[in-house]
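Chain naming here is simple, since letters A, B, ... match the order of the sequence lines and numbering starts at 1 in each.
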2 protein chains.
Amino acid sequence: MTAAPRTARALARATITREIVAAARARLAAEGPASLSLRAVARDVGMVSSAVYRYVENRDALLTLLIVECYDELGAAVEHADARIADRGDVTARWLAACRAVRGWSVGHPGEFALLYGTPVPGYAAPRDTVDPAIRLVLVLVGIVADAYRDGAVPPLGPTVESGLATLVAGARDVVAARGLIDDAPPELVVRTLMAWTTVLGTVSFELFGHLAGSVDDPEAWFDVVSLRLAADLGIGLGQAVSPG
Amino acid sequence: MTAAPRTARALARATITREIVAAARARLAAEGPASLSLRAVARDVGMVSSAVYRYVENRDALLTLLIVECYDELGAAVEHADARIADRGDVTARWLAACRAVRGWSVGHPGEFALLYGTPVPGYAAPRDTVDPAIRLVLVLVGIVADAYRDGAVPPLGPTVESGLATLVAGARDVVAARGLIDDAPPELVVRTLMAWTTVLGTVSFELFGHLAGSVDDPEAWFDVVSLRLAADLGIGLGQAVSPG
DNA sequence: CTTGCACAAGAGCGGTGCTCTCGAGATGGA
DNA sequence: TCCATCTCGAGAGCACCGCTCTTGTGCAAG
């Protein structure tokens, strides 16, 4: 990613690094992040464990590579789901499609989901490199809400009741503004979107971590219900009958 | 917990088991669940590692004991927070107090929170023993909503728009009914409460797992905003100005 | 008093992350 | 072309992990 590999050695190095990350990804998908062992990855690529350290600084660095890769993959999946129907201009459908893409990727990749949104690895602090890929998917959701807001699809927000709401979500507003999605977004809109995103991820997290067992039988239908209600709360929903599933 | 220890041996056994769990709890609080090692707690209680296997079947069993203890502690904290002001009859204040108790305990016990609501331990499936303590805290929230509903504080719910909503949350309704909170709870109420609980936990999870960094500066104030908006969505909120913090 | 049982301790197995050293081979300048 | 340098893979080794098995020992019930 830094410079194009020109020499044969650099080329080989890049290839082997990709091999290692791919093997690690396979084990992550199979066993989850906690039991991902560098030695096992080394065996998979036909190396002795110490040789892997030529390519990856340590286990945390390998996890970081995987985190970036997974965030990008998830972000791309959601972007794709939105882009496919964005021209139809139906913000509710776009919102639902984006949310479904989030759940779809997560259910299909529970190990990766756990790495991204589960318990952080004990001594691990996500480096800067991970934040950009991480917000990519959120920006899709924000973009949908922003489009609806610009087009006047969002009903009047009403007065912001809480004091200091703008400063509370100043960081989120800055991010949105920096990406050129909305200049000077109404704090009310930012708050609603942030809450909705929290609920979307919380619902997926509940499902994958087993906290829905016994309460909800059909997680997919439940997720649709939640997503559509969130859309309604955001002001971009139909506000009328939609059958789940 | 099964039978009262009568003999000296059984008494000693119970005491040492408690010691082990206490030491494990301390390490859990200090380092989080992933790096909790049975050998380390053995050292803490002045034993050799193989000796603790006399008291705890394996590492997963120890984690189960901790899960039950933590769920109970969290549930008790929320119950206490609610009970302290329940006689005032202000459901909004009760809801906020219960939510704050959830966050307060979680922020004060991040390692324990990760054990309860983070990534499940790889090969670990929560046994039956954990579900009763787990729902204890949720029942407090449901009870507040149920009280509000019984007292007529919840405005008319409107027609349930989604088809099959009752069957979707049948499990949750059964739990509520079995506890005698509401007989035949309106599915709409159950759905709203379940969504609100998801958002509460998602907000805490975001905060503790670092997904709020850069978006929200003051997580405590943000949590209050979220909680009060959830109350409003549930129909038990004031629906008017409330300043966070 | 003696038998038996529960217990603590130790050794040991296979696994982990990570470091160090060493030899072989490719790279690239003289 | 030749040689110094540098990279890489392999192996040994350290400290830690979960878990099992065996061995002694002291308490307690019969």
Hey, does A:E73 have a side-chain heavy atom less than 4.5 Å from the side chain of A:R25?
yes

Any protein N or O atoms within reach of nucleotides 9-16 of chain C? Criterion: under 3.5 Å, listing atom names and distances.
{"unit_1": "C:dA9", "atom_1": "OP2", "unit_2": "B:V48", "atom_2": "N", "d": "3.4"}
{"unit_1": "C:dA9", "atom_1": "N7", "unit_2": "B:S50", "atom_2": "OG", "d": "3.3"}
{"unit_1": "C:dG10", "atom_1": "N7", "unit_2": "B:S50", "atom_2": "OG", "d": "3.4"}
{"unit_1": "C:dG10", "atom_1": "O6", "unit_2": "B:S50", "atom_2": "OG", "d": "2.7"}
{"unit_1": "C:dT16", "atom_1": "OP1", "unit_2": "A:S37", "atom_2": "OG", "d": "2.9"}
{"unit_1": "C:dT16", "atom_1": "OP1", "unit_2": "A:R43", "atom_2": "NH2", "d": "3.2"}
{"unit_1": "C:dT16", "atom_1": "OP2", "unit_2": "A:R43", "atom_2": "NH1", "d": "3.1"}

Rounded to the nearest 0.5 Å, what separates atom CG in A:D224 from atom OG1 in A:T203?
11.0 Å

Check B:L66, B:L74, B:L201 against B:L116 for a side-chain contact (heavy atoms from CB on, under 4.5 Å) and give me the one that passes.
B:L74

Flag the pair B:W222 / B:D218 as yes when at least one side-chain heavy-atom distance between them is below 4.5 Å, and no otherwise.
no

B/S/- along nucleotides 24-30 of chain C (protein heavy atoms under 4.0 Å) is -BBSS--

Nearest-angstrom distance from the residue atom OH of A:Y53 to P of C:dC20
12 Å

Check for a donor-acceptor pair, side chain of B:R27 on one end and backbone N or O of B:L36 on the other, with a separation under 3.5 Å.
no

Looking at every non-hydrogen atom in both residues, tell me the closest pair between A:Y117 and B:F209 and how far apart they are.
O-CD1, 3.7 Å

For B:E57 and A:I16, find the nucleotide of DNA chain D closest to each by heavy atoms; which residue's nucleotide sits nearer the 5' end?
A:I16

Name the nucleic acid region contacted by A:L62, choosing base, sugar-phosphate or nothing; use a 4.0 angstrom heavy-atom cut-off, strictly under.
nothing

Mind calculating the distance between CD (B:E31) and P (D:dC16) to the nearest angstrom?
13 Å

Charged N-O contact under 4.0 Å between B:R179 and B:D132
yes

Assess, by modelled atom type and distance only, whether the side chains of A:T199 and B:T198 contain a donor and an acceptor separated by less than 3.5 Å.
no

In whole Å, what is the span from the CG atom of B:D44 to the P atom of D:dC17?
10 Å

With a 4.0 Å limit, can you tell me whether B:Y55 has a side-chain N or O closer than that to the phosphate oxygens OP1/OP2 of C:dA6?
no

